[in-house]
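Here is the naming used below: chain letters follow the sequence lines, and residue numbers restart at 1 for every chain. Quick caveat: nothing in here was measured; it's all calculated off a predicted structure. Atom set for the values below is all heavy atoms of this structure, side chains included, hydrogens, waters and symmetry mates excluded.
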Amino acid sequence: MIVVRFAPSPTGYMHIGNLRTALLNYMFAQKKKNEGEDVSFVLRIDDTDRERSKPEYEAAVYDCLKWMGMKWDRLEHQSARLARYDEIVERLKAEGRLYACYETAEELEYKRRRRLARKLPPVYDREGLRLTAEDRAKLEAEGRRPHYRFKLDYEEMAWDDMVRGHCSYHGEYLSDPIVVREDGTLPYLLPSVIDDIDFGITHVIRGEDHVTNTAVQIQMFKALGGKIPVFGHPPLLTGKEGKLSKRTGSVNFMELRDEGIEPMTVACLLSSIGTSDATPVEKTLEALADHFDLSKFGRAQPRFDTQDLFKLNPRIVRDLSLETVNDRLAQKGMPAVDARLWEAVAPNLTKLDDLTGWIDRCSAGKVFSVPDEDRAFARTAAALLPDGAFDENTFALWTAALKEKTGRKGRDLFHPLRMALTGLEQGPELKALLPVLGREETVSRLQG
RNA sequence: GACCCUAUCGUCUAACGGUUAGGACAUCGCCCUCUCAAGGCGGUAACACGGGUUCAAAUCCCGUUAGGGUCGCCA
């Protein structure tokens, strides 16, 4: 059984970095599923921060995953598991793994700065560990409330990362992390480990910004007797101007969706950026997952450029199946199109929305003005339409006859036809458009 | 400052001691063609720098430079 998780904090809208993490986890699981394994994708909402968590952000997470076609097998909220976390905290306190500290945030900040000034690593000095019961009583008498730190063993923490290979850190260089705040709430680190154990997470795929956390969390897994998952830390994406954080990453999926970017465009690009694979063009996440392999990812940070989505989108759009296209039209309350229209127009689209313009342009009863000098030619053309089937061969037969009759050729021959039939200088091949219009409509447009 | 990670065409990257340094996207040219696309064919284009090691280095080692991550009572 393979169990992965995506654990967003609903304190802001999903951005491209979040989305990529979600997708990478999903792709990893889907690949295993394609290979016949049992898999589960857990969506865990890290909503312990009551102040900053907002329902609309959480809703956006669901919308985003659904938009891209990612389905989760299990949904959990950290806010519903507080009692469980307390239980573990009490256990660790009893085991002496957690120790009370009384510095204020300001005092800690001062200590950090002082160590930095002395060119020392700004790690916590473990003052709390040296406090006697009397010291603590005295501090509490002063009105101080304790926060608790997790005591790190000074040993090597190593793991084989699915992306980075062998990784190793030493406890000595790391600060004992605070796991219980002064107000009794818990920061990210410990609850995440508790959840990973309780939900049976087997593989944790998250950004490179978590590698040091992984070292610390490995000690927590050990302290809790849980099975340590396999980790994979792909490098963070960078933006054109450097970092791609919350701000540059303001590229959220809603904007992309509204600009006509297909979900599969985003999926194809995000699942392959950072690998040497040619960007795959696939219709479904299932098919896309076949290309996926975390070991294909490099360790350097790739540059993500939104423009690449716009370059890829036309390739994704014209590859869309007729069924998908009609589903999407139906969602907008529009009637279905037939295969001939779709195939004629698809190579000319940059986004699916452009299709509606061509549907309208091909609909019955349209007349486009023909310049006076071409009016007679258009009439002649109408009269020369070949009898019999009106199909993809019709155009060649028709224009050959027209060429012979009028002596026109090249642009003089074709341009007036295009203008009369579509009203535009450019567009899909007339050969393909003719059967879409049909004989009757073709004639009426030519006769103006 | 400490601990980690990274450095190859414009971009994403392959190469795991010996290659004409490969591919994809972009770009340019040609073909197709009524147009714009699409499609087909082809071209331009890269080993950050300096030292070693070696018969041989993009590849291994050291240094320099340049990026990045972490060092939060954020997640």
Side-chain angles (χ1 to χ4, degrees), chain A residues 7-12 18 46-49 52 78 101 103-106 108-109 112 115-124 145-149 161 163-165 167-170 172-175 177-189 191-192 206-216 233 235-236 238 240 242-243 246 269 272-280 296-305 307-308 311-312 314-315 318 343 345-350 395 399 408-419 422 424-432:
Chain A
S9 171
T11 53
N18 285 331
D46 285 9
D47 56 353
T48 50
D49 188 333
R52 297 194 301 143
Q78 287 197 320
C101 299
E103 298 92 340
T104 62
E106 294 71 33
L108 288 173
E109 180 56 31
R112 255 195 302 276
R115 288 185 65 95
L116 239 20
R118 287 163 55 202
K119 301 189 188 304
L120 259 26
V123 295
Y124 181 58
R145 300 256 65 87
H147 57 273
Y148 290 84
R149 289 188 187 256
D161 196 282
V163 177
R164 325 184 100 215
C167 293
S168 155
Y169 284 82
H170 199 96
E172 209 177 334
Y173 300 116
L174 272 23
S175 281
I178 292 172
V179 292
V180 183
R181 296 189 184 99
E182 193 181 323
D183 66 4
T185 60
L186 313 190
Y188 164 80
L189 249 21
S192 179
R206 61 200 334 188
E208 193 181 42
D209 49 340
H210 283 283
V211 287
T212 318
N213 288 339
T214 295
V216 170
H233 298 90
L236 265 15
T238 61
K240 235 184 151 134
K243 293 199 192 175
K246 308 90 201 170
L269 187 69
S272 64
I273 190 169
T275 73
S276 62
D277 285 355
T279 310
K296 287 180 180 172
F297 284 76
R299 282 116 293 185
Q301 299 185 338
R303 213 173 294 274
F304 170 78
D305 186 349
Q307 282 312 308
D308 291 338
K311 285 189 280 197
L312 178 59
R315 293 208 286 155
R318 67 173 174 263
E343 281 160 25
V345 167
N348 283 68
L349 305 177
T350 53
F395 187 68
T399 52
R408 291 202 192 201
K409 60 180 181 179
R411 186 181 161 85
D412 291 340
L413 174 68
F414 297 103
H415 186 255
L417 300 179
R418 173 170 292 284
M419 290 305 290
T422 72
L424 291 175
E425 299 275 349
Q426 328 176 324
E429 293 183 13
L430 287 176
K431 172 189 170 179

*Less than 4.5 Å apart, any side-chain heavy atom of A/L174 and any of A/T212?*
yes

*Measure from CD on A/E208 to P on B/C71 and round the result to the nearest Å.*
13 Å

*Output yes if the stacking criterion (under 5.5 Å between centres, under 30° between planes) is met for A/H210 over the base of B/G69, else no.*
no

*Considering only B/C34, B/C73, B/G69, which nucleotide approaches the side chain of A/R418 most closely?*
B/C34

*Which whole number of Å gives the distance between the C1' atom of B/A48 and that of B/G42?*
31 Å

*Between B/C34, B/C3, B/A2, which nucleotide gets closest to the side-chain atoms of A/F395?*
B/C34

*Ignoring backbone atoms, test whether A/R181 places a side-chain nitrogen or oxygen under 4.0 Å from the OP1 or OP2 oxygen of B/C74.*
yes

_Whole-angstrom distance between B/C55 and B/C60, as gauged at atom C1'_ = 16 Å

_Let's see if you can work this out: which of B/C12, B/C36, B/A75 has an atom nearest to the side-chain heavy atoms of A/P302?_
B/C12

_Among B/G39, B/C3, B/C34, which nucleotide has an atom closest to any side-chain atom of A/L430?_
B/C34

_Stepwise side-chain contact (heavy atoms from CB on, under 4.5 Å) test for A/L430 and A/T399_ = CA-CA 11 Å; A/L430 287 176; A/T399 52; over 6 Å; no

*If B/C60 has a Watson-Crick or G-U wobble mate with both distances under 3.5 Å, name it; if not, just say none.*
B/G52

*If you check every side-chain atom of A/T212, which of B/G69, B/A75, B/C74 has the closest atom?*
B/G69

*With RNA chain B as reference, determine whether A/P347 or A/H415 sits nearer its 5' end, using the nearest nucleotide of each.*
A/H415

_Pairwise 5' ranking along RNA chain B for A/G427 and A/N213, keeping only the more 5' one_ = A/G427

*Whole angstrom value for the distance that separates C1' of B/U33 from CG of A/N348*: 13 Å

*asked:* What is the distance, to the nearest angstrom, from the CZ atom on A/R118 to the P atom on B/A2?
replied: 15 Å

*Base partner of B/U8, which must satisfy Watson-Crick or wobble distances under 3.5 Å*: none

_P-based separation of B/U8 from B/C30 [nearest Å]_ = 33 Å

*Among A/R112, A/E103, A/R115, which residue meets the side-chain hydrogen bond (donor to acceptor under 3.5 Å, both in side chains) test with A/Y124?*
A/E103

*Let me see the working for A/Y169 and A/T214 under side-chain contact (heavy atoms from CB on, under 4.5 Å), right down to the final yes or no.*
CA-CA 10 Å; A/Y169 284 82; A/T214 295; over 6 Å; no

*Using the C1' atom as the reference point in each nucleotide, state the distance between B/C73 and B/A2 in Å, no decimals.*
22 Å

_Could you measure the distance from the OG1 atom of A/T350 to the CZ atom of A/R318? Nearest 0.5 Å is fine._
11.0 Å

*asked:* With a 3.5 Å limit on both atom pairs, tell me what B/U33 is paired to, counting Watson-Crick and G-U wobble, or say none.
replied: none

*Could you check how far CD of A/E425 sits from P of B/U33, rounded to whole Å?*
21 Å

*Should we count NZ of A/K296 as having more than 12 external heavy atoms under 6.0 Å?*
yes

*Between atom CZ in A/R299 and atom P in B/C16, what is the gap in whole Å?*
14 Å

_Paired nucleotide for B/A38 [Watson-Crick or G-U wobble; both distances under 3.5 Å]_ = none

_Proximity to the side chain of A/R303 - top-ranked nucleotide from B/C12, B/A37, B/G69_ = B/C12

*What integer distance in Å separates A/K431:NZ from B/U35:P?*
15 Å

*asked:* Under 4.0 Å, counting only non-hydrogen atoms across every strand here, what does A/E103 touch: a base, just sugar-phosphate, or nothing?
replied: base

*Picking from B/C5, B/G69, B/A37, which would you name as closest to the side chain of A/E429?*
B/A37

_Partner set under side-chain hydrogen bond (donor to acceptor under 3.5 Å, both in side chains) for A/E343, not counting sequence neighbours_ = none

*asked:* When the C1' atoms of B/U59 and B/G17 are compared, how many Å lie between them, rounded to an integer?
replied: 7 Å

*Distance check: side-chain N/O of A/R112 vs OP1/OP2 of B/G72, anything under 4.0 Å?*
yes

*In whole angstrom, give me the gap between the C1' atoms of B/G51 and B/U65.*
14 Å

*Taking atom types as modelled, is there a side-chain donor on A/R181 or A/T185 under 3.5 Å from an acceptor on the other?*
yes

*Is A/P428 touching bases, backbone alone, or none of the nucleic acid, heavy atoms closer than 4.0 Å?*
base

_Nearest-Å distance once atom C1' is located in both B/G23 and B/A46_ = 14 Å

_What is the distance, to the nearest angstrom, from the CG atom on A/L312 to the P atom on B/A37?_
18 Å

*Hey, could you give me the CG/NZ distance between A/L269 and A/K311, rounded to the nearest 0.5 Å?*
10.0 Å

*Distance below 4.0 Å between A/R408 side-chain N/O and B/C34 OP1 or OP2*: no

*Indicate, with a heavy-atom threshold strictly under 4.0 Å, whether A/L174 touches base, sugar-phosphate, or nothing.*
nothing

*Could you tell me which nucleotide pairs with B/C3 by Watson-Crick or G-U wobble geometry, both distances under 3.5 Å, or answer none if nothing does?*
B/G69

*Separation of A/R115 atom CZ from B/C3 atom P, in whole Å?*
13 Å

*Could you tell me whether A/L413 contacts a base, only the sugar-phosphate backbone, or nothing, with contacts defined as non-hydrogen atoms closer than 4.0 Å?*
nothing

*What is the pairing partner of B/U27, taking Watson-Crick or G-U wobble pairs with both distances under 3.5 Å in any strand?*
B/G43

*Mind checking the P distance from B/C32 to B/G40? Whole angstroms is fine.*
16 Å

_When you compare the ring of A/Y173 with the six-membered ring of B/C3's base, are the centres less than 5.5 Å apart and the planes under 30° from each other?_
no

*Considering only side-chain heavy atoms of A/A300, which listed nucleotide, B/U35, B/C73, B/U6, is closest?*
B/U6

